Amino acid sequence: MQRRSWAEPFKIKVVEHLRMTTRAERERAIVEAGYNTFLLRSDDVYIDLLTDSGTSAMSDRQWAGMMLGDEAYAGSANFYHLESAVREFYGYKHVIPTHQGRGAEHILSRSCIKPGDFVPGNMYFTTTRVHQELAGGQFVDVIIDQAHDPGSEFAFKGNVDLDKLARLIERVGARRIPYLALHATVNMAGGQPISMANAREVSALCRRHGIKVFLDATRAVENCYFIKTREPEYADRSLAEILRELCSYTDGCTMSGKKDCLVNIGGFLAVNDDDLADAARNMVVIYEGLHTYGGLAGRDMEAMAIGIHESVQYDHMHARIGQVQYLGEIIEREGVPIVRPIGGHGIFLNALEFLPNMPREQFPAQALAAALYVDSGVRAMERGAVSAGRDPETGKNSFPQLELVRLTIPRRVYTQAHMDVTAESVVALYQQRARIVGLRFTYEPKHLRFFQARFGPVEGDRVLRDQDPP
Ligand code: PM9
């Protein structure tokens, strides 16, 4: 059959120049950054795949919307646009803007969790868990086992394991579980989706026990694309219809608008319960700002409202997920180990298979991310032991089964050629993997250590040697 390619449903109007660097410059930059890609200057980065968070290219309509910013302190017109977009597409009753996702997580955790409570979720997320813990709760992982296996081909590796959840309810009692945090396209598992069938069953089980379900809707529309393409009864439904149904199984959501909603800053908390909304509005005014702006400018809320409309367009999502798959398929074709199936927002290199001889204590994913930057100026992110942090009870390093490097694709920013360059660097590095040197901490912050930690090589003074060791 003749090949029919798809292409992005947009054309480029403005370009942003990238600085090319030499390997010697990158070697200096990674030392200055303490071998932590979060501490690199963006000027020193060629292709920035650190995160898809706040890195989207906004559309001409969103930029036009910025000019409609109503910067009134209270009751901005843009708040009402945002509120009506959230109500229309997500279906929740109350909408409280926050400066970004963790602002919403903070308010939700503080409003609902009491010391000694348990908060089940389908795998931890860094900022979500820290807010649960700071509120006195204990996170309990109830994701299915396949999520921890990078090679499992299961189509919905984000699913909640209903038996694990039922056992937790039996063990601690429903009264000590304020809510279940249901993540759509589970970030730490490799951008793996939940199925609609699972969301429905989780909701039914929780409702039977009086436990609320809050969706982490950060990448919920991407999840809906997987439901549409993998769950046959949804093949003919629009992304917007699927999103409304998914949200209907939950009591509200936290949202980092910096992902699906295609903005550079912003988030919100949305809930159905009137009393909870009241409590959250009372708290948002302390930590974020008045409940009609929550730390955002009017123009930011307008851009987010427009971004929500754009995010549910099938052509947009098809190109977005298609670009991630394009990169993954080239890397995989060359035998580089990645998390399967290819997920929603990035390609996740399996550092344990990439560097099988490097001890976990030398943080293989952190070393691999640093070496990739030295090789080509591509910036990726560690998602393994450094991100997992220390066990709050024992103080020991947690070593999750997944030790990954995430090549995260910003939305509407890079071209297919950028994907080719990235893939070539990953493949070249794989062929020279014996040259990568492990890392040790030289500075370790207390909370969310992956953001600000500094490292040094366990031997010598480079993370990527010029030659294979003897
Ligand atoms: N995610 C990401 O790069 C940015 C910061 S953490 C490295 O993946 C989920 C599923 C997220 C997320 C952020 C947040 C927090 C909540 N849930 O960054 O505070 O992926 O807007 O959102 C990041 P904010």
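Values reported hereafter were calculated over all heavy atoms of this structure, with side chains retained and with hydrogens, waters and symmetry mates removed. Note that the coordinates shown come from a computational prediction; the quantities given were computed from them, not determined experimentally. First listed ligand is number 1; within each ligand, the first listed atom is number 1.
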For [atom], what's the nearest protein heavy-atom neighbour? Residue, atom name and distance, please.
atom	value
atom 17 (N) of ligand 1	Asp216 OD2, 2.7 Å
atom 14 (C) of ligand 1	Phe125 CE2, 3.5 Å
atom 24 (P) of ligand 1	Gln100 NE2, 3.2 Å

Do ligand 1 and [X] have nitrogen or oxygen atoms that lie under 3.5 Å from each other?
X	result
His183	no
Asp52	no
Thr127	no
Arg102	yes
Gly101	yes

Name the orientation class of the two ring planes belonging to [X] and [Y] (parallel below 30°, tilted from 30 to 60°, perpendicular beyond 60°).
X	Y	result
Phe156	Phe154	perpendicular
Tyr225	His318	tilted
His183	Phe125	tilted

Side-chain ([X]) to main-chain ([Y]) donor-acceptor, under 3.5 angstrom:
X	Y	result
Lys228	Arg237	yes
Thr254	Leu269	no
Glu302	Ala297	no

Open item on the list: Could you tell me, atom by atom, which parts of ligand 1 come under 4.0 Å of a heavy atom of Lys258?
Closed with: 21 (O)
- [ ] Enumerate the atoms of ligand 1 whose separation from the nearest heavy atom of Thr51 is less than 4.0 angstrom.
- [x] 2 (C), 3 (O)
TODO: State if Glu382 counts as touching ligand 1 under the rule of any non-hydrogen atom under 4.0 Å.
DONE: no
Open item on the list: Any heavy atom of Lys259 closer to ligand 1 than 4.0 angstrom?
Closed with: yes
Task: Centroid separation Phe89 to His309 less than 6.0 Å - done: yes
TODO: Could you go through the salt bridge (Lys or Arg N to Asp or Glu O under 4.0 Å) check for Arg440 and Glu361 one step at a time?
DONE: CA-CA 8 Å; Arg440 61 184 165 74; Glu361 292 72 18; over 6 Å; no
